[in-house]
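Note sheet for the following structure.
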Amino acid sequence: MVCRIGHENDPVEKMRHSCAHVMADAVKKLFPEAKITIGPVIEDGFFYDFDYPRGFTPEDLKKIETKMAEVIKKNLPFECKEVSKKEALTFFKKEKETYKLEIIEGLEDNKITFYTHGDFTDLCKGPHVERTGDIKAFKLLKVSGAYWRGDEKNPMLQRIYGTAFSSQKDLENYLKRLEEAEKRDHRKLGQELELFEINPDIGGGLVLWHPKGTTLRMVIEDFLRKELTAAGYDWVSTPHVGRSTLWETSGHLNFFKENMYAPMDVEGQTYYLKPMNCPFHILIYGSKRRSYRELPIRLAEFGTVYRFERSGVLHGLTRVRGFTQDDAHIFCTPEQADEEIKNCLGLVLKVLKAFQITEFRAFVATKPPQVVGKDEDWERATKALKNAVQVHKIPFEIDEGGGAFYGPKIDIKIKDALGRPWQLSTVQFDFNLPERFKIGYQGADGRAHQPFMVHRALLGSFERFLGLLIEHYAGAFPVWLSPVQAVLITISDSQIQYAQKMLETLRREGFRVDLDGRNEKLGLKIREAQMKKTPYMLVIGDKEVKENKLAVRSRKEGDLGAMPVNDFVERIRKEIQEYH
């Protein structure tokens, strides 16, 4: 049976899907011992996983590209054939493709489709382009390791990534974006700028913050503390572990256990590392009787949580196993919900503006089929979310039915250097935990009422936010954020004493300044400061000592000439104030 090729998919996605098949064909022709597994389309491209005794090299990728071009040039038709499960098993047993056999064994449907071009046949649902010649412009990008079915207990496979576009121009533009993104990669810059590392002796997904990275975090923390304190938040601090009974009450052991670390036995009691801060904040709220006159109560914490992520999805700072949330929970009356949500989004906008993040979008996720809570509460909460994004004129989309079972939410997503969306800020209603923990307040009518509870994170997590921020600025942070705002550079040892005096003066003024007094050439010192993306280089020679000045070089503007230290202080202060 020959199937009609479907056209419901995006034409570029169909072309990329077909390109993955052509790549698998080329690999089998060049490396017959390689076993094929799966090759899906992903954002901006595709990949295919192979079980191959050795790793593919860059030279191998060039050979594969050449062979792919030969197959494409033949303009072979993609033909779809429907077979039975038995026929599919027989075919792949003959081909000795053990991974395909495992996939087929797991299929319940007896009707299976093969796609063939030339002498290559693959298990596939389709759709594809009509002919191999419809693949216009392609490029193989890189090779990485990947466990079969994402399980580290399974064999390690070789994953070849590629992309395809409808024109050579589109492909070239994409490759330029990739090149720029590689320059901005926060993992690379994190090492070069001495911000952080992920050391295998500690474990994957666990971040070591170096002094400069910790300073960067502290600057952001101080900024947020000031803003949240002014906005009426109270600060709390909670443990990193909690008894199993806490997580049973919250429901995490039923709904989130696969993302939690293994339990610890402490004097016969079972404890877990916390995956979330909310149960602790609820207990603080519930520590005494509350009146409606006390509400809203806003509890904030920079709380570190731990969630198990498989090694295959870990990625620098953006996917980790231990991270710190700028977490807050608001307990309010239903009547206060509108104002609280508007205030939350106002803070989101203020934070994004401070970091010069202008490309973002809101997603309002509404009521799914199965929920907890009253219908009128859902309606009031959803209306508050929609109203807030409209009041603040934030571009948004409705994610119909995309809310959690315990409440609707707003997600704010920004784009990274490659244009990929990442979720940062979240405003989430919760009708579940207040009920589970039986928290309440006494209303004006003298009766007990259940508060509305809002989970709120402005950055999401410091780790992900800093990873994106490093790429956003390409490591060249504005002066208010930069871990080192200026470096004093001496020309010779005779200026060390004066440089020490200037160092003390600038640090007393509250600036983050280092001193490079090494016995090295001036050009080398300046180049190294530029490579570290330091905003200001303050050169000191005998002339500067004599005139009680600093020769100022700006990262952005170059040589600014000599100026008294007070003039430099005024300049840098003014530059910092522009961001606040």
Under the 3.5 angstrom rule, does the side chain of Y473 hit a backbone N or O of F355 as a donor-acceptor pair?
-> yes

Taking only Lys NZ, Arg NE, NH1 and NH2, and the carboxylate oxygens of Asp or Glu, determine whether E340 and R456 approach each other closer than 4.0 Å.
-> no

Return yes if some donor-acceptor pair links the side-chain N/O of R512 with the main-chain N/O of W480 below 3.5 Å, else return no.
-> yes

F196 six-ring face occupied by R187 cation (under 6.0 Å, within 45°) | no

Between E180 and R184, is there a side-chain N and carboxylate O pair less than 4.0 Å apart?
-> yes

For residues V348 and I394, determine if any side-chain heavy atom of one lies less than 4.5 Å from a side-chain heavy atom of the other.
-> no

Taking the side chain from R307 and the backbone from P275, do they hold a donor-acceptor pair closer than 3.5 Å?
-> yes

Under 3.5 Å, which donor-acceptor pairs do the side chains of residues 208-219 form with other protein atoms, sequence neighbours left out?
unit_1 : atom_1 : unit_2 : atom_2 : d
H210   : NE2    : E197   : OE2    : 2.9
T214   : OG1    : W209   : O      : 3.4
T214   : OG1    : H210   : O      : 3.0
T215   : OG1    : P211   : O      : 2.9
R217   : NH1    : E463   : OE2    : 3.1
R217   : NH2    : T324   : OG1    : 3.4

4.5 Å side-chain heavy-atom contact, D411 and S425 = no

Charged tip of K136 within 45° of F165 ring normal and under 6.0 Å = no

Approximate separation, where rounding is to 0.5 Å, of R555 CZ and E557 CD = 11.0 Å

Quick one: does NZ or CZ of R159 land under 6.0 Å from the six-membered ring centre of F47, within 45 degrees of the ring axis?
-> yes

side-chain hydrogen bond (donor to acceptor under 3.5 Å, both in side chains): pairs with one or both residues in residues 341-355, sequence neighbours excluded = E227-K350

Determine yes or no for a side-chain-to-main-chain donor-acceptor pair under 3.5 angstrom, with H329 supplying the side chain and A300 the backbone.
-> no

Say whether, by atom type as modelled, one donor and one acceptor occur between the side chain of S291 and the main chain of E294 under 3.5 angstrom.
-> no

H315 and W422 aromatic ring geometry - parallel, tilted or perpendicular at 30°/60° bounds = parallel

Would a 4.5 Å heavy-atom cut-off, applied to side chains only, mark V539 and E544 as touching?
-> no

Closest non-hydrogen atom pair, L488 against A499 | CD1-O, 3.7 Å

Taking the six-membered ring for Trp, are the ring centroids of Y261 and Y272 within less than 6.0 Å of each other?
-> no

Sidechain N-carboxylate O distance under 4.0 Å for E192, K188 | yes

Is there a donor-acceptor contact under 3.5 Å from the side chain of D326 to the main chain of L459?
-> yes

Begin from the C-alpha positions of D338 and K386 and carry the test salt bridge (charged side-chain N to carboxylate O under 4.0 Å, His left out) through to its verdict.
-> CA-CA 10 Å; D338 273 60; K386 290 179 180 177; over 6 Å; no

Would you check if there is a donor-acceptor pair between the side chains of T238 and E301 at a distance under 3.5 Å?
-> yes

Could you grab the distance from atom CG of L228 to atom CG of D234, nearest 0.5 Å is fine?
-> 11.0 Å

Measure the spacing between CG of L295 and CD1 of I330 and express it to the nearest 0.5 Å.
-> 11.5 Å

Minimum-distance pair of heavy atoms, taken over all atoms of K549 and A562 = CD-CB, 4.1 Å

For S250 and P279, the nearest pair of non-hydrogen atoms, with its separation, is CB-CG, 3.9 Å

Under the 3.5 angstrom rule, does the side chain of Q495 hit a backbone N or O of G541 as a donor-acceptor pair?
-> no

Side-chain touch I412/I410, heavy atoms, less than 4.5 angstrom | yes

Is the backbone N or O of R225 less than 3.5 Å from a side-chain atom of T229, with the two atoms forming a donor-acceptor pair by type?
-> yes

Can you check whether Y161 and F46 have ring centres sitting under 6.0 Å from each other?
-> no

Hey, does K525 have a side-chain heavy atom less than 4.5 Å from the side chain of R527?
-> no

Does the separation of the ring centres of F431 and Y406 fall below 6.0 angstrom?
-> no

Are the charged groups of R319 and E309 less than 4.0 angstrom apart, N to O?
-> yes

What class does the angle between the rings of H240 and Y306 fall in, given that below 30° is parallel, 30 to 60° is tilted and above 60° is perpendicular?
-> tilted

Determine yes or no for a side-chain-to-main-chain donor-acceptor pair under 3.5 angstrom, with Q428 supplying the side chain and G407 the backbone.
-> yes

Nearest-0.5 Å distance, CZ of residue R518 to CG of residue D493 = 12.5 Å

If you measure from the Lys or Arg side-chain nitrogens to the Asp or Glu carboxylate oxygens, is any gap between K183 and D185 under 4.0 Å?
-> no

Checking side-chain hydrogen bond (donor to acceptor under 3.5 Å, both in side chains) for the pair Y536/E575: CA distance, chi angles, key distance, verdict?
-> CA-CA 12 Å; Y536 286 100; E575 190 172 342; 2.5 Å; yes

Separation between CG of L424 and CD1 of I414, rounded to the nearest 0.5 Å | 4.5 Å

Please say whether the positively charged group of R290, taken as NZ for Lys or CZ for Arg, lies over the ring of Y285, i.e. under 6.0 angstrom from the six-membered ring centre and within 45 degrees of the axis.
-> yes

Would you say the ring centroid of F452 lies under 6.0 angstrom from that of F331?
-> no

For the atom pair CG (D327) and CZ (F302), what is the distance rounded to the nearest 0.5 Å?
-> 10.5 Å

Flag, side chain of R464 to backbone of T318, donor-acceptor distance under 3.5 Å = yes

Cation-pi check, K413 to F363: give yes when NZ or CZ is under 6.0 Å from the six-membered ring centre and within 45° of the ring axis, no otherwise.
-> yes

Presence of salt bridge, D514 and R507, under 4.0 angstrom = yes

Between the side chains of T366 and E400, does any donor sit under 3.5 Å from an acceptor?
-> yes

